[in-house]
Amino acid sequence: MTSEPAQPKGANGTMKRSELTDDKAVASEAQLLEYEARREQALAMGGAEKLAKRRAVGIRNARERVAYLCDVGSFCESGLFATSAMEVDRDRTPADAKVCGYGRIGGREVGIVANDFTVMGASSSATNSRKIAQMKRVAIQRGLPMVFLGESSGARMPDTMGSRGMGTMLGNDPAQYRRMRETPWASAVLGMCYGSSAWYAVCSDFNVMRKGAILAVSSPRLCSMAIKERVDPEELGGWRLHTEVTGLADLAVDTDEEALDAIKAFLDYLPGHHNEVPPVRGVPAGSGGGMGEILSLLPARRTQVYDMRKILGTIVDKGSILELKSRFGKAVVTALCRLGGRTVGVIANNPLFKGGAMDTDACEKATSFTVLCDSFNIPIILLVDTPGFVIGTEAEKRRAPGKIMNFMNALSLVTVPRLSVIVRKSYGQAYLNMGGGRNSDEVAAWPTAEVSFMDPTFAVKIVHGLEPGQPRFEEQYAEMARDSEVWGMASVYAVQAVIRPQETREHLLRILEVHQLRLTGGVGQHLMRTWPTSY
Amino acid sequence: MATIEVRVEVTGLVWEVVARPGDRVAAGDPLMILESMKMEIPVVTEREGTIKEILVTEGMPVSEGQVVALMER
């Protein structure tokens, strides 16, 4: 209030200047109070009772998740005062169930969509769909990674019901689920994820699940009603299903905090957008310290198995491995790592599983990882030890030829540096899929490498008709085995370097330096940026 | 007592059976070795327990996913 005395109205009923000032002051005070009240209501989410229930079982709410994810004080909310467009729901839809905005993670801007399950099950509505669209649009146009914190029940009812509801709610954004990999997307499945949370999770480059969370097209309840299937939520879409069978989740963790930490860790390997190189970090002390003993990690016999991850861990920067889909297609390891502080993507055969023979799951995993690396300017390193692809009726039923060729085609479309190291076996078509020939920019091999079209035992049977134990088998086998040694391919320059195993890290560091994409400032051509996000 | 089924991850031939009924095994222990793709592929248990029954013999072909041993916790 001002201290000026009240002035009478003029003869024509208009107010004098001082009256106008007074009214404005009263109005702005009331407006500010309303602002605070509305803000408080929006920040209260679905109410104290629902929030307390979550807290009691150790599950964070949407705003706590955002706060944990972002650098302190960096979250800039978009749409705090948004509510349902339906009159009846207006007062019970704070932020319309999706907390959206921009935050910083490790100093870098990201776009965030966090589902607030306490508000109408974070169901999708006309208003909150516009909020999500804005986040994605800004992220794509300004080069920000996107983070989706999933927990939603699906389309909001009854908003979406009927043809009018469908016409209003669905299909108004033709880019809603379009993925062109302009910027990295990371998703966490942190509760029941049906509808949009499930869709964004599988559209993402990285998807972490908290154990106990569910990712599925529709709920067990709807399954029961529609197809009379009684199913446990875990069986329908739990972490075991998605980390071991479908491969739709990259990682499973125990808590919300671990899931959010995983998103931060993933994004730390990635550039902010596709026209940028990934961040470079310091090299931890002790990196490469075990190289002198690396050969001891190989077993004595060529038929025995071992864990390639130990070899990988010895070569790359200490503690820098983020393995993706570690429980799926295990004959291949896909991992983001650092070498000399730079992000590299490693595709490695792992003889510990299936002897390193690649099945269809392993092919899909290698393909999607190849697309990720190439889309975000991450050089690829292939560590090779495979007897070939899994063959037989099961493999054919799972469309092995198609999966093998998808993988092959992906590798052939890579425009970031591809370096391969043949550690031991490389046979048949798998030789090409793992970077043999011109499918790498540089092929290096250990002296332990053995390369051929098939194992010498089979070859002796096919070429000479001899079985083990028959006269001349041993002699023919010895000759075939000798021909598989690395020296033949080195002599025809099909490998560019035969290296001492203990020099692998130094060799890769040097060759990676040579193959920096100088002409484009480290940026590749992203020829697979529209490839599927799952197969 | 819960029965644990041990399955093979790959189609091949049982090359050597290492574990016997009554043996106490830890997670990660090999129960048998398969021969497949000219590799010696161990069949390991993911859980600890006691071997109840070995369902295959050496030289027997097995298919991916086949149950080859039963264990009890």
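Within every chain, numbering begins at 1; the chains are lettered A, B, ... in the order of the sequence lines, protein sequences first and strands thereafter.
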Non-hydrogen contacts under 4.5 angstrom with chain A: give the residues of residues 48-59 of chain B involved, or none if there are none.
none
Looking at B:Ile4, I'd like to know if its CD1 atom is crowded, meaning that more than 12 non-hydrogen atoms belonging to other residues, nucleotides or ligands lie closer than 6.0 Å.
yes
To check you understand the geometry: which heavy-atom pair defines the closest contact between A:Gly355 and B:Ile41, and what is its length?
N-CD1, 3.6 Å
Between these two chains, chain B and chain A, I want each donor-acceptor atom pair under 3.5 angstrom written on its own line with its distance.
from    : atom 1 : to       : atom 2 : distance (Å)
B:Glu9  : O      : A:Lys354 : NZ     : 3.1
B:Glu9  : OE2    : A:Lys354 : N      : 2.5
B:Glu40 : N      : A:Thr303 : O      : 2.8
B:Glu40 : OE1    : A:Arg301 : NH2    : 2.6
B:Glu40 : OE2    : A:Arg301 : NE     : 3.2
B:Glu40 : OE2    : A:Arg301 : NH2    : 2.9
B:Glu40 : OE2    : A:Thr303 : OG1    : 2.3
B:Glu64 : OE2    : A:Lys354 : NZ     : 3.4
B:Glu64 : OE2    : A:Arg398 : NH1    : 3.2

